[in-house]
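Values in this document were obtained by computation on a predicted structure and should not be read as measured data. Numbering of ligands and ligand atoms starts at 1, following listing order.
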Amino acid sequence: MCGIVGYIGHRDAYPVVLKGLQRLEYRGYDSAGIALFDGAELKMSKTKGKVADLKSRLESEISTNGTVGLGHTRWATHGEPNDVNSHPHYSNSGDLVIIHNGIIENYDALKKELKKRGYTFKSDTDTEVLVNLIEDVIKEEGVKLGKAVQIALNQTVGAYAIAVFNKTKPDEIVVARLGSPLAIGVGEDEFFVASDASPFIEFTNNAIYLEDGEMAVIRRNKGVKVRKIKDDTLVDPYIQELQLNLEQIEKGGFDHFMLKEIHEQPNAISDTYRGRMLVEQGLIRMAGVDDNMERIANAKRFIIVACGTSWHAGLVAEYILEDLARIPVEVEYASEFRYRNPIITENDVVIAISQSGETADTMAAIKLAKEKGAFVFGVCNVVGSSISRETNAGAYTHAGPEIGVASTKAFTTQITVLTLMALKLGKFKGTISISDFQFHLQEMERIPEKVKQALKSDALIQEIADKYKDATNCLYLGRGYNFPVALEGALKLKEISYIHAEGYPAAEMKHGPIALIDEQMPVVVIATKKGHYEKVVSNIQEIKSRKGKIIAIVTEGDEEVRELADYVVEVPETIESLTPLLTTIPLQLLSYHIAVMLGKNVDQPRNLAKSVTVE
Ligand code: G6P
């Protein structure tokens with residue numbers, strides 16, 4: 001949560017920081033602020049609201065020149081999202097300025113101590129405590145900023161990615177991370193700091209990703225010195241060459257990132273299996289699995305840990321892994337798993353799924369699993385993310401940057417990776433026949449085309465969206481592989497249109513949700529031909545006889561459900577285990593169009609953030 005950006009170099013910092021903040025708004029958008037240093041004066045402007053609100057305010061409040069800048073976009077934790085609590089924060093003297101992503105848990109005790117020493121606080125934030133603690137260390141111990149940051153951080157408990165600037169030593173920025181991501185862009189005599197690489201990708205492809213527990217002093221014209229916060233050891237920083245390009249993080253003609261990302265799914269899925277799935281040779285290559293085959297295939301149990309949409313992908317994977325690889329699977333919310341003293345043994349393989357690779361609860365679950373001796377396999381989208389580095393092995397989804405807060409292509413590509421893994425394990429263990437294996441590969445190869453087909457239902461879905469956009473509740477039903485898709489469809493609707501929606505296993509409807517059904521209630525039912533079709537048709541009958549409105553997702557050519565439903569949306573036929581890759585498409589489009597029609601902010605829904613780096 002929260003996005004931070006910094007610049008020190010030879011160009012104007014303001015446009016770099018401003019654009020950087022816009023790219024990081026997916027991380028939070030409760031408030032925004034920028035501090036600039038013009039060689040003489042440190043100036044700041046900040047406001048509740050979005051970066052766009054900040055732009056107009058800042059340009060009327062302060063001059064925008066200066067070659068050092070720090071910016072912040074906030075997802076509020078401590079203190080309500082108002083102007084005062086917005087970042088950056090000054091120290092009492094006004095010499096230091098800080099931006100912070102994370103939480104300082106012992107801020108209250110530190111604040112009391114600082115108050116006794118005469119410090120005053122304008123905001124309710126933990127961050128203002130930290131910047132004053134750093135100032136106090138400088139004053140008391142007579143040390144430079146880097147050392148002071150280090151000493152101060154060693155007194156804190158919590159998580160952070162910070163950048164601090166001291167106007168009396170204006171040629172350096174000090175940064176540090178623990179639990180929240182921080183990348184340093186290394187240009188020609190200029191440096192960038194950001195929560196991810198998107199703010200600096202048009203200026204440099206070279207980045208240093210700080211590891212947890214590391215800090216860096218970045219000196220204009222001099223370079224970057226990285227050391228461990230705890231014991232002061234110097235670290236030789238690894239400069240990584242980034243593969244990201246600008247086009248990937250722009251809207252490309254679509255009205256919203258979410259819509260762009262929905263439409264990217266055919267390519268995203270093929271990018272995920274490209275190079276891994278060798279159909280003619282009847283092979284799947286996945287280095288993370290190949291290198292650890294014995295360990296993974298001999299697991300007594302898989303425990304999948306994830307949050308949000310990634311957890312739904314985990315539920316689909318449960319069906320696939322049990323079906324094809326015959327290994328028992330448990331799917332856990334990472335936040336529950338980490339706090340309930342779970343039974344984990346060395347024979348377990350924990351699969352952590354995370355688009356961002358930064359989710360705090362998933363990270364904590366991984367650490368717990370590793371402590372108990374389990375092997376941890378990561379499925380992440382963001383290359384080099386904290387989770388991808390913490391896991392023992394893994395597979396990237398290669399979906400490209402996902403910026404819309406409501407996850408779409410991450411979901412389908414996570415399922416793709418996990419399907420490949422299940423097929424590979426099934427083949428290795430002999431739990432799937434060669435011909436079935438081969439058939440799955442061929443069918444997987446057809447999925448991108450079929451997703452394109454499914455996307456063609458857009459006009460029909462707009463009509464459905466228009467009809468039901470004013471509903472206050474909505475039910476999503478599915479069975480088997482499509483039960484998690486129902487959960488995901490309901491989540492999408494809730495997230496971006498704020499309509500209450502529930503996903504349910506279709507057969508469970510009669511144990512409760514059926515009481516909600518009346519002529520006002522739209523019920524989205526996934527009723528594809530493969531997988532309990534007749535049973536789902538009976539469920540549809542039950543809804544119809546209670547006058548519920550039925551929107552059915554069916555296999556192309558289905559006639560039976562068409563007679564019962566108010567609307568049918570067709571998806572191409574495929575094997576049952578791959579149907580989630582198709583049935584999810586109309587549900588994503590439905591939530592998208594409803595949200596647009598209701599005038600909601602699709603890419604930045606209220607209260608949410610894309611990357612949840614606090615528990
Ligand atoms: C947030 C996002 C969701 C996402 C979840 C897990 O809640 O808004 O879209 O599914 O975090 O994130 P992860 O990056 O771990 O997949």
Side-chain angles (χ1 to χ4, degrees), residues 1-3 24-30 75 77 179-181 195-196 256-258 261-262 268 304-317 331-338 350-367 376-391 394-415 417-418 484-485 487-498 503 584 587-588 591-592 595 600-615:
M1 337 287 291
C2 302
L24 291 179
E25 261 190 322
Y26 73 87
R27 302 180 63 84
Y29 31 82
D30 287 333
W75 188 85
T77 55
S180 301
S195 302
D196 71 30
H256 298 95
F257 281 111
M258 183 184 180
E261 287 154 10
I262 290 173
I304 295 179
V305 291
C307 304
T309 290
S310 297
W311 184 75
H312 293 155
L315 288 179
V316 177
V331 189
E332 302 262 7
Y333 283 117
S335 53
E336 288 297 313
F337 178 80
R338 61 179 288 199
V350 169
I351 302 175
I353 309 175
S354 175
Q355 186 286 128
S356 62
E358 301 294 344
T359 302
D361 283 320
T362 308
M363 185 59 141
I366 292 168
K367 288 188 173 153
V376 184
F377 189 90
V379 175
C380 293
N381 189 37
V382 178
V383 176
S385 55
S386 305
I387 290 178
S388 67
R389 283 180 286 146
E390 185 68 29
T391 42
Y396 285 116
T397 45
H398 299 308
E402 191 184 65
I403 292 165
V405 166
S407 189
T408 51
K409 62 176 178 172
F411 180 66
T412 43
T413 54
Q414 286 162 348
I415 295 173
V417 158
L418 290 156
V485 176
L487 294 179
E488 176 59 11
L491 177 65
K492 288 286 88 80
L493 189 69
K494 273 186 279 211
E495 281 179 313
I496 59 171
S497 68
Y498 319 144
T584 197
L587 305 193
Q588 294 170 345
S591 63
Y592 172 79
K600 306 295 184 209
N601 188 334
V602 171
D603 284 332
Q604 295 174 350
R606 71 181 178 207
N607 303 338
L608 297 177
K610 181 120 196 98
S611 179
V612 182
T613 53
V614 294
E615 24 171 311

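Of all protein heavy atoms, the one closest to atom 4 (C) of ligand 1 is T309 N, 4.2 Å. Closest to atom 8 (O) of ligand 1 among all protein heavy atoms lies A609 O, 3.0 Å. Of the protein's heavy atoms, C307 O, 4.0 Å lies nearest to atom 5 (C) of ligand 1. Considering only non-hydrogen protein atoms, atom 7 (O) of ligand 1 sits nearest to V612 CG2, 3.9 Å. Scanning all protein heavy atoms for the shortest distance to atom 11 (O) of ligand 1 gives K610 O, 3.8 Å. For atom 12 (O) of ligand 1, the closest heavy atom belonging to the protein is T359 OG1, 3.3 Å. Distance from atom 16 (O) of ligand 1 to its nearest protein heavy atom, with residue and atom name: S310 OG, 2.5 Å.
Taking each heavy atom of Q355 and S310 in turn, the nearest pair found is N-OG, 3.7 Å. Nearest heavy-atom pair, I351 versus V379, reported as atom, atom and distance to 0.1 Å: CG2-CG2, 4.2 Å. Here the closest non-hydrogen pair linking G314 and I353 is CA-CD1, 3.6 Å. In terms of heavy-atom proximity, K409 sits nearest to A399 at NZ-O, 2.8 Å. Across every non-hydrogen atom of L493 and S497, the tightest pair is O-OG, 2.6 Å.
No side-chain heavy atom of N601 sits less than 4.5 Å from a side-chain heavy atom of R606. Proximity of M258 to K492: side-chain heavy atoms (C-beta onward) are separated by under 4.5 Å at one or more points. Counting only heavy atoms from C-beta outward, the side chains of T408 and T412 never approach each other to under 4.5 Å.
Those atoms of ligand 1 that come under 4.0 Å of a heavy atom in G308, given as number and element, are 10 (O). Counting atoms of ligand 1 from 1 in the listed order, those under 4.0 Å from a heavy atom of S354 are 13 (P), 14 (O), 15 (O), 16 (O). Within ligand 1, counting atoms from 1 as listed, the ones closer than 4.0 Å to a heavy atom of S407 are 9 (O).
Below 3.5 Å of separation, one finds no N or O of T362 facing any N or O of ligand 1. Between S356 and ligand 1, an N or O atom pair is found at a separation short of 3.5 Å.
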Q.
Evaluate Q414 against N381 for side-chain contact (heavy atoms from CB on, under 4.5 Å), listing each step before the verdict.
A. CA-CA 8 Å; Q414 286 162 348; N381 189 37; over 6 Å; no

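The shortest heavy-atom distance from V405 to ligand 1 is under 4.0 Å.
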